[in-house]
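No experiment lies behind these values; they were computed from the predicted model shown. To find a chain, count down the sequence lines: A is the first, B the second, and so on, and within it residues start at 1.
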Amino acid sequence: MNDILSELGWRNLVAQHTPELPEELAKGHVTLYCGFDPTAPSLHMGNLAQIVTMSRFQQLGHTPIALVGGATGLIGDPSGKNAERTLNTTDTVLEWVEGIRKQLEPFFDFSGSNACIMSNNYIWTHDMDVLTYLRDIGKHFSVNRMLDKESVSARLNGAGISYTEFSYQILQSLDFLELYRRHGCTLQIGGSDQWGNITAGTDLVRRVESAQVNGLTTPLVTKADGTKFGKTESGTVWLDPELTSPYAFYQFWINADDRDVQTLLRTFTFRTQEELAALELATAEKPQAREAQRALAHDVTTLVHGDHATAQAKAAAAALFGQGELRELDATTLDSAMREAPNAEVSLNGNAPTVSELLVACELVASNGAGRRAIAEGGVSVNNVKVTDENATVSADDFLHGKWLVLRRGKRTFGGISLIK
RNA sequence: GGCAGAUUGCCCGAGCGGCCAAUGGGAGCGGACUGUAAAUCCGUCGCGAAAGCUACAGUGGUUCGAACCCACUAUCUGCCA
């Protein structure tokens with residue numbers, strides 16, 4: 001069995017771990033868990049980093065438990081938040097739980113001796129009565145120590161914290177205890193912001209079960225330009241293809257900064273140290289080819305959305321950004337490319353819509369005035385031909401293959417208009 | 001609970017009766033330059049083709065005229081209980 005710690009080590013994926021962890025791993029097999037709270041209808045990049053980390057453990061023979069936080073999602077983790085968050089309704093959270101469970105499944109192997117286990121902390125918390133909670137669990141927590149946790153102390157000095165969120169670390173600790181009892185789980189992993197919650201859990205298991213369990217955190221992914229990783233102008237990049245299209249997802253990785261691409265490859269792909277060294281060399285020698293970004297985008301999009309969607313996203317990118325003449329693209333390629341871009345339908349019915357109206361229709365600009373402005377600034381093209389007249393209109397002849405009109409705003413924002421008869 | 005102050009566009013922040021759709025900065029967007037990059041420079045940045053319309057926490061008022069004055073409401077921040 002390969003050593004998971006050295007694997008994570010060369011990838012710079014270890015922020016902190018409990019001192020006893022190497023000893024535990026030396027025994028061979030561990031069962032580990034990571035929690036995913038339903039704070040949104042879909043998982044996002046931060047979650048993906050943990051999923052991939054768990055996957056690395058599973059590939060080396062360890063047993064992963066993917067825990068969906070049906071209970072903790074109802075409470076709200078104060079970690080990394082500078083203000084109390086609004087509670088989501090129970091119905092909403094339970095709906096998200098189901099969606100997130102389905103999203104997690106494809107990443108893991110559910111067969112073999114180290115098959116992945118899916119769990120949900122709602123199971124052991126929803127009917128626990130308050131006296132049991134206070135006597136059996138709460139008794140093991142020192143408020144003094146809870147106040148010392150970064151996630152709590154930051155809030156005490158700032159916007160304050162409710163009892164609900166203050167209790168979050170207790171619930172997460174209870175999860176570790178339950179998973180230890182039910183599945184012999186002896187390791188919890190998470191982002192470095194979870195360190196406080198994880199150690200609260202190892203403390204609880206030690207007190208209640210007199211057992212040594214461990215924690216490991218991965219560094220938060222940061223970007224060289226200081227902006228938040230996992231966000232674009234249009235918001236969070238989600239794993240759900242309904243929320244972030246595979247095309248947009250692919251583009252997100254393709255656009256990675258040279259300075260960040262190695263870190264991202266180490267964190268999100270399974271490429272070997274040798275392959276990454278080769279890509280690093282490629283970036284240094286021929287940065288404009290962006291080989292590393294292409295490898296990154298290919299691997300991660302395939303991991304999340306599969307081969308087919310990745311091929312489509314690539315074809316779309318090649319079609320839109322390629323040097324080739326758009327009119328020479330075959331109908332099928334164009335069709336799949338345009339479906340991936342923001343698009344809208346229009347029926348001509350004898351009238352000729354203006355280009356700026358069409359820009360608004362596929363949400364490339366916020367208003368007609370902004371569209372006209374964009375044209376005046378020389379930033380708009382139709383079928384890769386620059387539009388110079390603010391009042392330009394289109395006719396049926398402009399639609400490629402009688403169906404699609406390719407709108408471009410700026411260098412890399414595309415939209416499609418499909419003609420309906 | 002009492003007193004004082006604050007609330008301006010995506011964010012910060014000027015304006016304190018007409019010259020205000022509102023200075024300046026940031027973010028965003030477009031162009032040049034590029035590699036679907038970074039940095040830099042230039043332009044732009046409520047809606048509307050325009051007339052004009054809607055906006056300066058909310059509601060009402062004073063005034064020929066209010067982001068600016070008054071009253072009340074809401075929220076926030078100080079000081080005193």
Side-chain angles (χ1 to χ4, degrees), chain A residues 82-84 86 157-160 222-229 231-237 244-265 279-298 300-301 310 312-324 326 337-338 340-342 351-382 384-393 406-416:
Chain A
N82 54 21
E84 190 82 6
T86 316
N157 299 326
T222 56
K223 295 208 303 182
D225 64 6
T227 57
K228 201 171 178 188
F229 172 74
K231 304 273 184 187
T232 67
E233 313 83 73
S234 43
T236 303
V237 177
T244 299
S245 74
Y247 170 76
F249 189 86
Y250 184 83
Q251 288 297 314
F252 168 75
W253 297 103
I254 276 285
N255 286 321
D257 195 307
D258 289 356
R259 294 169 293 177
D260 297 323
V261 71
Q262 280 290 321
T263 303
L264 297 176
L265 282 164
L279 287 170
E280 188 164 23
L281 192 65
T283 299
E285 288 182 346
K286 275 185 71 181
Q288 66 275 23
R290 297 201 321 287
E291 261 187 63
Q293 279 90 339
R294 285 176 206 285
L296 175 68
H298 171 85
V300 185
T301 310
T310 304
Q312 293 226 312
K314 279 183 171 178
L320 296 171
F321 291 106
Q323 304 303 328
L326 271 176
M338 295 322 291
E340 287 289 342
N351 48 36
T354 65
V355 173
S356 60
E357 283 167 356
L358 295 175
L359 288 169
V360 176
C362 60
E363 296 177 342
L364 253 42
V365 296
S367 70
N368 206 359
R372 298 171 65 88
R373 197 183 304 130
I375 294 170
E377 288 173 336
V380 175
S381 66
V382 171
N384 275 351
V385 178
K386 187 177 274 195
V387 179
T388 49
D389 178 6
E390 284 179 35
N391 298 308
T393 58
V406 181
L407 295 177
R408 194 179 83 202
R409 170 160 162 272
K411 274 172 295 196
R412 57 196 161 132
T413 313
F414 290 90

Original post:
A:Arg412 has an atom CZ; how far is it from atom C1' of B:C33, in whole Å?
Top reply: 15 Å
Original post:
When the P atoms of B:C69 and B:A51 are considered, how many whole Å apart are they?
Top reply: 31 Å
Original post:
Could you give the distance from CD (A:Glu291) to NZ (A:Lys286), rounded to the nearest 0.5 Å?
Top reply: 7.0 Å
Original post:
Which part of the nucleic acid, if any, lies within contact of A:Arg373, taking any heavy atom under 4.0 Å across all strands shown: a base, the sugar-phosphate backbone alone, or nothing?
Top reply: sugar-phosphate
**OP:** Sticking with atom P, work out how far B:C12 lies from B:U7, rounded to a whole angstrom.
**Re:** 12 Å
**OP:** For nucleotides B:C42 and B:C47, find the distance between their C1' atoms and express it as a whole number of Å.
**Re:** 27 Å
**OP:** Mind checking the CG-CD spacing from A:Asp257 to A:Gln262? Nearest 0.5 Å is all I need.
**Re:** 12.5 Å
**OP:** Mind checking the OG1-CG spacing from A:Thr413 to A:Leu407? Nearest 0.5 Å is all I need.
**Re:** 11.5 Å
Subject >> Spacing of OG belonging to A:Ser367 relative to CZ belonging to A:Arg372, to within rounding of 0.5 Å >> reply: 10.5 Å
Subject >> Whole-Å gap separating C1' (B:A39) and CG (A:Asp258) >> reply: 13 Å
Original post:
Quick one: are A:Val365 and A:Arg373 in side-chain contact, heavy atoms under 4.5 Å?
Top reply: no
**OP:** To the nearest 0.5 angstrom, please state how far the CG atom of A:Leu279 sits from the CG atom of A:Leu296.
**Re:** 9.5 Å
Original post:
Expressed in whole Å, how much space separates the P atoms belonging to B:G13 and B:G17?
Top reply: 22 Å
Original post:
Roughly how many Å is it from CZ in A:Phe414 to P in B:C29, rounded to a whole number?
Top reply: 15 Å
Subject >> Separation of B:A37 C1' from A:Ile254 CD1 (nearest whole Å) >> reply: 12 Å
**OP:** Answer yes or no: is there a side-chain heavy-atom contact under 4.5 Å between A:Glu357 and A:Asn368?
**Re:** yes
Original post:
On a whole-Å scale, what distance lies between the P atoms belonging to B:C10 and B:A55?
Top reply: 14 Å
Report each atom pair, protein N/O against N/O of nucleotides 49-53 of chain B, whose distance is under 3.5 angstrom.
unit_1 : atom_1 : unit_2   : atom_2 : d
B:A49  : OP1    : A:Asn368 : ND2    : 3.2

Original post:
When rounded to the nearest Å, what value does the distance between C1' atoms of B:G28 and B:U73 take?
Top reply: 35 Å
Subject >> C1'-based separation of B:G18 from B:G26 [nearest Å] >> reply: 31 Å
**OP:** Using whole Å, report how far CZ of A:Arg408 lies from C1' of B:G30.
**Re:** 12 Å
**OP:** Return the value, rounded to whole Å, for the distance between atom CH2 of A:Trp253 and atom P of B:G35.
**Re:** 25 Å
Subject >> Minimum-distance pair of heavy atoms, taken over all atoms of A:Pro246 and A:Ala313 >> reply: O-CB, 3.9 Å
Original post:
What nucleotide, of B:A38, B:G30, B:G35, holds the atom closest to the side chain of A:Arg409?
Top reply: B:G30
**OP:** State whether the distance check finds a donor on one side and an acceptor on the other, under 3.5 Å, for side chain A:Glu377 versus base B:G43.
**Re:** yes
Original post:
Are any of the side-chain heavy atoms of A:Arg408 and A:Val380 separated by less than 4.5 Å?
Top reply: no
Subject >> Contact under 4.0 Å: A:Ser367 side-chain N or O vs B:G48 OP1/OP2 >> reply: yes
Original post:
Taking all non-hydrogen atoms of both residues, which atom of A:Tyr247 and which atom of A:Leu320 are closest, and how far apart?
Top reply: OH-CD1, 3.6 Å
Subject >> Pairwise 5' ranking along RNA chain B for A:Ala370 and A:Thr413, keeping only the more 5' one >> reply: A:Thr413
Original post:
With pairs taken as Watson-Crick or G-U wobble and both distances under 3.5 angstrom, which stems of at least three consecutive pairs involve RNA chain B?
Top reply: B:1-7 with B:74-80, B:10-12 with B:24-26, B:28-32 with B:40-44, B:57-61 with B:69-73
Subject >> Rounded distance in Å - CG (A:Asn255) to P (B:A37) >> reply: 7 Å
Subject >> C1'-based separation of B:C68 from B:A57 [nearest Å] >> reply: 15 Å
Original post:
Which heavy-atom pair separates A:Ile254 from A:Arg290 by the least distance, and what is that distance?
Top reply: CG2-NH2, 3.7 Å
**OP:** Tell me what A:Glu390 touches on the nucleic acid: a base, only sugar-phosphate, or nothing, going by heavy atoms under 4.0 Å.
**Re:** nothing
Original post:
To the nearest Å, how far apart are A:Gln251 CD and B:A37 C1'?
Top reply: 13 Å
